[in-house]
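Take a look at the structure set out below.
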Amino acid sequence: MDELLIPVCSSVEIVDSGKGRRFPVSVHGSDASGFVVRYAGIVYGYLNRCAHVPIALDWEEGQFFESSGLYLMCATHGAVYAPTTGKCEGGPCTGARLRKISVCEQDGQIYWSPDDYVRPALA
Ligand code: FES
């Protein structure tokens with residue numbers, strides 16, 4: 001079966017180390033969000049859930065990078081994550097990882113793909 005591709009936004013909206021974009025998902029029947037960011041030209045997707053306490057990373061919607069643009073940062077206690085791997089490189093959950101979500105770009109559009117854990121939004 002072909003992989004399901006769900007549109008997030010257009011590619012030009014997500015610039016290197018700039019604002020990311022949330023998208024609705026469900027996990028075990030509960031509403032949650034995923035997000036996409038771009039780093040060094042490549043789009044990465046993760047579940048918007050800190051590895052320290054399971055809450056959203058961005059205090060201001062779409063604000064995932066810290067000021068240097070090198071790391072994703074959780075707004076609550078400042079855990080920093082490598083954008084390429086989702087691995088926590090510093091903070092209260094060092095060594096833990098964000099949950100990756102499969103994303104791709106096609107024809108100027110960014111898409112995400114559900115898996116066994118991160119499912120399409122319920123509503
Ligand atoms: S909730 Fe993210 S660092 Fe504590």
Side-chain angles (χ1 to χ4, degrees):
M1 199 178 89
D2 286 343
E3 195 176 34
L4 180 62
L5 298 178
I6 301 176
V8 178
C9 61
S10 66
S11 291
V12 293
E13 293 179 71
I14 306 300
V15 301
D16 263 356
S17 296
K19 268 202 159 186
R21 177 66 58 90
R22 288 188 190 186
F23 52 90
V25 302
S26 70
V27 173
H28 292 314
S30 297
D31 291 334
S33 65
F35 68 94
V36 291
V37 289
R38 188 184 299 277
Y39 182 75
I42 296 172
V43 172
Y44 296 91
Y46 296 101
L47 185 63
N48 190 8
R49 186 174 279 184
C50 188
H52 177 220
V53 177
I55 55 178
L57 298 170
D58 52 337
W59 71 94
E60 182 184 314
E61 188 163 333
Q63 199 65 54
F64 294 99
F65 279 101
E66 42 69 71
S67 56
S68 75
L70 296 176
Y71 292 98
L72 307 174
M73 189 173 79
C74 176
T76 302
H77 307 118
V80 290
Y81 296 93
T84 53
T85 62
K87 188 173 175 202
C88 181
E89 304 285 2
C93 48
T94 301
R97 284 175 189 272
L98 300 176
R99 173 59 161 73
K100 234 180 189 352
I101 295 178
S102 172
V103 294
C104 69
E105 289 190 272
Q106 282 180 19
D107 301 326
Q109 183 80 25
I110 297 172
Y111 298 88
W112 74 279
S113 295
D115 56 38
D116 287 345
Y117 183 71
V118 182
R119 308 296 306 159
L122 300 171

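Only this structure's heavy atoms are used, side chains among them; waters, hydrogens and symmetry mates stay out. Order of listing sets the numbers, starting from 1, for every ligand and every atom in it.
Although no hydrogens or angles enter the test, the distance criterion places no donor-acceptor pair under 3.5 Å between the side chain of Y81 and the main chain of C74. Looking only at distances, no side-chain donor or acceptor of S33 sits under 3.5 Å from a matching main-chain atom of F23. Without hydrogens or angle criteria, T94 side chain to E89 main chain gives no donor-acceptor distance under 3.5 Å.
A continuous path of ILVMFWY side-chain contacts below 4.5 Å connects V8 to I101, so both sit in one hydrophobic cluster. Taking hydrophobic clusters as Ile, Leu, Val, Met, Phe, Trp and Tyr residues chained together by side-chain heavy-atom distances below 4.5 Å, I14 shares a cluster with I6.
Remark: E13 pairs with S10, R21 by the side chain to side chain donor-acceptor pair (under 3.5 Å) rule, at least two apart or across chains.
Closer than 2.8 Å to atom 4 (Fe) of ligand 1 sit the protein N, O or S atoms H52 ND1, H77 ND1.
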